[in-house]
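We name chains A, B, ... by the order of the sequence lines, and we start the count at 1 in each one.
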2 protein chains.
Amino acid sequence: MTGIHDVAKVAGVSASTVSNVINGRGNKMRPETRQRVLDAIESLKYTPNSAARQLKSGQNTTLGLIIPSAANPFWGAVAHHVERAARNHQYRLLICNAERDRDVEARYAETLLGSGVTGVILGSSPLNFDHLRDLIRRGLKIAAFDQRVAEVEQNGVACSVSVDQHLSGMLVAQHLIGLGHKRIGVVTGPIKTNSRIDRVSGVRAALARARLELPEDLRWQGGGVIGFGDMEGSELGRIGIRELLSRDNPPTAVICGNDMYALGAYAGARDLGYRVPDDVSIVGFDDIAMAEIVYPPLTTIRQPVLAMAEQIVGLLIRRVEGDEIPVDEAFIHVPPQLIVRGSTAPIRT
Amino acid sequence: MTGIHDVAKVAGVSASTVSNVINGRGNKMRPETRQRVLDAIESLKYTPNSAARQLKSGQNTTLGLIIPSAANPFWGAVAHHVERAARNHQYRLLICNAERDRDVEARYAETLLGSGVTGVILGSSPLNFDHLRDLIRRGLKIAAFDQRVAEVEQNGVACSVSVDQHLSGMLVAQHLIGLGHKRIGVVTGPIKTNSRIDRVSGVRAALARARLELPEDLRWQGGGVIGFGDMEGSELGRIGIRELLSRDNPPTAVICGNDMYALGAYAGARDLGYRVPDDVSIVGFDDIAMAEIVYPPLTTIRQPVLAMAEQIVGLLIRRVEGDEIPVDEAFIHVPPQLIVRGSTAPIRT
DNA sequence: GTGAAAGCGCTAACAC
DNA sequence: GTGTTAGCGCTTTCAC
């Protein structure tokens, strides 16, 4: 391992001068000295050992991102954009896949904190941050991506960027109601997350406003499905809609927990000979890339992932670097946007 | 920050005893001592500082995974399985998204090595490992996932697990030829990777064997498309097939670079009023989850990602821990598997 | 079986 | 401007 001393020797300076060069304090010395150091670094192919660096400085330019499911392209897109944003700030990004498991999530957060990463972005995690309390007390700064803010604030979270999922739920339900649908089903998986809960509550709210309701037999949440842990959302969506469409009085429209479920629902509807949207309208949430590729193109709610990623990274870095951010700046809301495509149609009369 | 000394003080022992406990050398002491240390760790919520640990030991139980595109669900699945496998070995996994960019890839590899991560799994990277030569010399152990092995060996790579992409290409082409197709098109993006090149060469080989060929006008590789860097494979697939189907003598079957392209090709075919598979057969590679959800279900080549992930992680960890692995064990081939579904059909007569 | 002591490679005072 | 020095938190001989 070539170290700072080797560089110092080759350049004919001391270790601290090399350290200064590395850390952008090159103006503290004669340009020629600086250049000699740079040359030595170059010729020795030297890279600073970040473990040592971090140990000494306690500082660290790495952010963590914990996503609930690498299998869902939505989170792939989030990872992509967050990584970009971090890189633009000269930070790097460690991505962890928690599989929607609180324990795994806590373990990764702990691992991250143990590695000196104090800033971690959490993709919508289960319900609350109780499992991370200790870590937060020990200095972990959490940025909530796509989490309900009230929850977020009361748990000492550093910052958040989220779309109003309740509103998202209302938007899709209103769209469907506007199309004349009265029996509207909802398909989600068995795992509770804030965003999922809020989406469903939004749907109920819109329904209630139209003097409609969401009866138990139109609400499928993976009950009884075994081994769901290893199932893609699309599998669940496929099974779920088949159950709903097999009811005595099936729904004419189905709201799915996210786009992957919705795409699975396409398959499930087809399995039973239903055409989309003629026989049943289907909507999702997220607007993944596939949503406009499939047939019919999926009506869904778009979350402006790119902008959200940039905002959360900016916020989190400020927090990690010790900046106090006023509450009204630290918790950002972005509006959901209904994208109407071909998977929803007026109810057949 | 609570450190090893705090624990030592609370447990009434010395720091080195605590260190021994942490590192599983608990048998070196009286069980009661061990227990006291454990209790102290528990009550103090102590976590070892991994930067310090690594600095001292030079060891490190983290693996890196560099994927070419977080936006492609195939790589999401790979990340998922590799992460699992690493976790089973008590390693953790840093996932990096290199966006099929050699420079970004090199930078991440360097960052990883600088962080003490010596074992890095590379998802099919561009062409060769020239950009990583220096890092390899400095101790980076590379495991090639889904790379051609010949290439791999000559570059001092530690180990690899791959399917024979040439054979994969042959399999799909033979399937199509068996169905009576004679004008077979190929759609890929503009970026060259080994696996892509091999797939296409396999297709050509199978075609040649049947005294057929792949004329230039049936080979689309994104020429002239601007801003492809920000386009999903599905977009390219959509555009590509439209160009091919607009030729004077359009293909009756199209082989797409991967499943995302294939799914995009569904849309492109639809755009022009072609039905799949009646008017045009479409095949992909990878067998992502969506492949069996879409309509018609996609004929594709399956790569046994789960098994591959476990093998590569096992191999790489052996290498990282200093094990010398015989060449015939270090470079594993797994067979590709043709999954025939509904997107291919006999040519219309 | 347990503790004292010497660094791992680097940073940041503080000398010179 | 540049070098000297004292650790960051831990692991690991080597005494006791």
(message) Treating primed atoms plus P, OP1 and OP2 as sugar-phosphate and everything else as base, which nucleotides of nucleotides 9-15 of chain C get B, S or - for protein heavy atoms under 4.0 Å?
(response) BBBB---
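- Every residue meeting the side chain to side chain contact (heavy atoms under 4.5 Å, CB included) condition with A:Arg87, not counting sequence neighbours, appears here in chain and number order: A:Glu83, A:Arg84, B:Val104, B:Arg107, B:Tyr108.
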For residues 69-78 of chain A, which side-chain donor-acceptor pairs fall under 3.5 Å, sequence neighbours excluded?
unit_1, atom_1, unit_2, atom_2, d
A:Ser69, OG, A:Ala71, N, 3.3
A:Ser69, OG, A:Asn72, N, 3.3

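- Between the side chain of B:Asn49 and the backbone N or O of B:Ala51, at least one donor-acceptor pair lies under 3.5 Å.
- From one end of the helix from C:dG1-D:dC16 to C:dC16-D:dG1 to the other, with five pairs defining each end axis, the axis direction shifts by 40° (rounded to 10°).
- Regarding contacts with the backbone of C:dG1, every side-chain N or O of B:Thr33 stays at 4.0 angstrom or more from both OP1 and OP2.
- For C:dG3, one of the phosphate oxygens OP1 or OP2 lies less than 4.0 angstrom from a side-chain nitrogen or oxygen of B:Thr17.
- In this structure, the CZ atom of B:Arg36 is 14 Å from the P atom of C:dG1, given to the nearest Å.
- A sub-4.0 Å separation between OP1 or OP2 of D:dT4 and a side-chain N or O of A:Ser14 is absent.
- Atom NE2 of B:His89 is surrounded by more than 12 heavy atoms from other residues, nucleotides or ligands within 6.0 Å.
- No side-chain N or O of A:Glu310 forms a donor-acceptor pair with one of A:His81 less than 3.5 Å apart.
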Solution key, residues 37-44 of chain B side-chain donor-acceptor pairs under 3.5 Å, sequence neighbours excluded:
unit_1, atom_1, unit_2, atom_2, d
B:Asp39, OD1, B:Gln35, NE2, 3.0
B:Ser43, OG, B:Asp39, O, 3.4
B:Ser43, OG, B:Ala40, O, 3.2

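- With salt bridges taken as basic N to acidic carboxylate O contacts below 4.0 Å, one links A:Asp130 and A:Arg133.
- By the salt bridge (Lys or Arg N to Asp or Glu O under 4.0 Å) test, A:Arg318 pairs with A:Asp323, A:Glu329, sequence neighbours left out.
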